[in-house]
Amino acid sequence: MNTLSITDPLPHGPEHFDAAAFATYTLSSPQNLAAVLDHTLLKPDATRTQVLQLCHEAAEHRFACAMINPTWVSLAAAALQGTGIPVGVVIGFPLGATLSVSKREETAHMLKHGAHDIDMVLNVGLLKSGQSADYEAIRQDIHGVVEIAHAEGAIVKVILETCLLTFEEKLRASELALSAGADFLKTSTGFSTGGATADDIGLLRGVAGARAGVKASGGIRSLADATTMLRAGASRIGASASVKIVNELAGNAVEGTPSANPGY
């Protein structure tokens, strides 16, 4: 299987994604920004009331999805029914070290209960083991989830946990995910040693080009953070501070500050 090596140039050309144009459009209004924000609540002590509040906010602001743990998918699907806002769920979370069959079964159950966005964690240990058979096992791990999700009209974002990877491992993980049919490359779980960085977003976008989306997640708490990620090449952002972020942009607009302020 062809994967990028550390010496390969990042691909551009026909599959180039225009990050600047996308960022400018997305930051032109709170509504456009909300449409790329996955409103997220993944903390282990999240309660029923908090999940329902998340869903209410997702519907009110028209976020890209309400992203939750598997326990709450049925509740969220019922709460969001008729709103047009999809339910997102994490699979194999947060370590990615569960069996492939477990990830597939979890995905199938979550789709049955109303999930649409499937954010699965790549098996980091297999990737770092560095064997050809391990790379193929990772591809099959991802493809198994993708196959089930796509059959039901759902999408799959593959969490690479970039903070644990070398430069070359990030390239390889990205190509493995893309070759397995992933719809998005995603940086982080938010539960490891670090979150999204502009450098990692640029790297993932360079590999993905226009073939797939890139989701920045982990540590994005402000409009400035979101702006940095969008300009680096993100097309989706995961954040628990989504309401704060769109309100910041709305406040700027009210005060006459340009939405895509170069100062951010």
Side-chain angles (χ1 to χ4, degrees), residues 1-8 10-11 15 42 67 70 88-111 115 117-152 154-197 199-209 211-218 236 238:
M1 177 178 51
N2 289 327
T3 57
L4 290 171
S5 77
I6 197 167
T7 57
D8 289 329
L10 298 179
E15 293 185 332
L42 296 174
M67 180 62 60
V89 66
V90 287
I91 299 293
F93 194 85
L95 302 179
T98 49
L99 295 173
S100 292
V101 65
S102 299
K103 291 179 182 177
R104 292 194 298 270
E105 289 179 356
E106 191 174 26
T107 299
H109 282 296
M110 293 302 96
L111 294 169
D117 286 29
I118 305 295
D119 287 28
M120 70 167 290
V121 187
L122 176 139
N123 192 315
V124 178
L126 277 181
L127 180 73
K128 296 185 80 69
S129 294
Q131 303 296 315
S132 296
D134 294 330
Y135 297 148
E136 180 58 20
I138 291 167
R139 197 187 72 80
Q140 292 295 337
D141 185 54
I142 297 168
H143 180 69
V145 170
V146 167
E147 191 172 39
I148 292 168
H150 284 181
E152 298 297 326
I155 64 171
V156 176
K157 310 180 201 117
V158 177
I159 306 171
L160 308 184
E161 204 67 285
T162 47
C163 62
L164 300 180
L165 306 181
T166 66
F167 179 81
E168 185 169 14
E169 287 166 348
K170 292 169 192 176
L171 294 177
R172 189 176 295 277
S174 297
E175 281 293 354
L176 286 167
L178 294 172
S179 70
D183 300 288
F184 281 80
L185 303 176
K186 177 177 171 180
T187 57
S188 319
T189 62
F191 283 76
S192 190
T193 59
T197 69
D199 285 345
D200 282 343
I201 291 299
L203 177 63
L204 300 190
R205 178 53 72 189
V207 179
R211 292 184 288 169
V214 173
K215 177 176 173 179
S217 62
R236 189 77 70 92

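Predicted model only: the values in this text are computed from it and were never measured.
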| query | Hey, are Glu175 and Arg211 close enough for a salt bridge, meaning a charged N less than 4.0 Å from a carboxylate O? | reply | yes
| message | Between Asp183 and Arg236, does any side-chain N to carboxylate O distance fall below 4.0 Å? | response |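 A salt bridge is absent here (no side-chain N lies under 4.0 Å from a carboxylate O).
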| Partner residues of Lys103 under the salt bridge (Lys or Arg N to Asp or Glu O under 4.0 Å) criterion, sequence neighbours left out |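 By the salt bridge (Lys or Arg N to Asp or Glu O under 4.0 Å) rule, Lys103 matches Asp141.
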| note | Sorted by chain and number, sequence neighbours left out, salt bridge (Lys or Arg N to Asp or Glu O under 4.0 Å) with Arg104 holds for none
| task | Would you mind reporting whether Lys170 and Leu160 have side-chain heavy atoms less than 4.5 Å apart? | result |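 Answer no - side chains too far apart.
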| request: For the residue pair Leu165 and Asp200, establish whether any side-chain heavy-atom pair is separated by less than 4.5 Å. | output: no
[atom2] on [Y] to [atom1] on [X], rounded to 0.5 Å:
X      : Y      : atom1 : atom2 : value
Glu105 : Thr98  : CD    : OG1   : 11.0 Å
Met110 : Asp117 : CE    : CG    : 14.0 Å
Glu136 : Asp134 : CD    : CG    : 11.0 Å
Leu185 : Ile201 : CG    : CD1   : 9.0 Å
Leu95  : Ile159 : CG    : CD1   : 11.0 Å

| field | Ala137: partners by side chain to side chain contact (heavy atoms under 4.5 Å, CB included), with sequence neighbours left out | value |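 Per chain and number, Ala137 pairs via side chain to side chain contact (heavy atoms under 4.5 Å, CB included) with Leu126.
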| Polar side-chain atom of Glu106 near backbone of Gly92 as donor-acceptor pair, under 3.5 Å |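 Yes.
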Distance-minimising heavy-atom pair for [X] and [Y]:
X      : Y      : value
Glu161 : Gly194 : OE1-O, 4.4 Å
Leu178 : Ala208 : CD1-CA, 3.9 Å
Tyr135 : Leu127 : CE2-O, 3.5 Å
Phe191 : Leu42  : CZ-O, 3.5 Å
Val146 : Gly181 : CG1-O, 3.6 Å
Pro94  : Val121 : O-CG1, 3.8 Å

| request: Hey, could you give me each pair passing salt bridge (charged side-chain N to carboxylate O under 4.0 Å, His left out) that has a residue in residues 184-197? Not counting sequence neighbours. | output: Asp119-Lys186
| Residue pairs fulfilling salt bridge (charged side-chain N to carboxylate O under 4.0 Å, His left out) with at least one residue in residues 89-101, sequence neighbours excluded |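 Qualifying pairs: none.
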| Pairs in or reaching into residues 120-132: which pass side chain to side chain donor-acceptor pair (under 3.5 Å), with residues at least two apart or in two chains? |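 Sorted result for residues 120-132: Lys128-Glu169.
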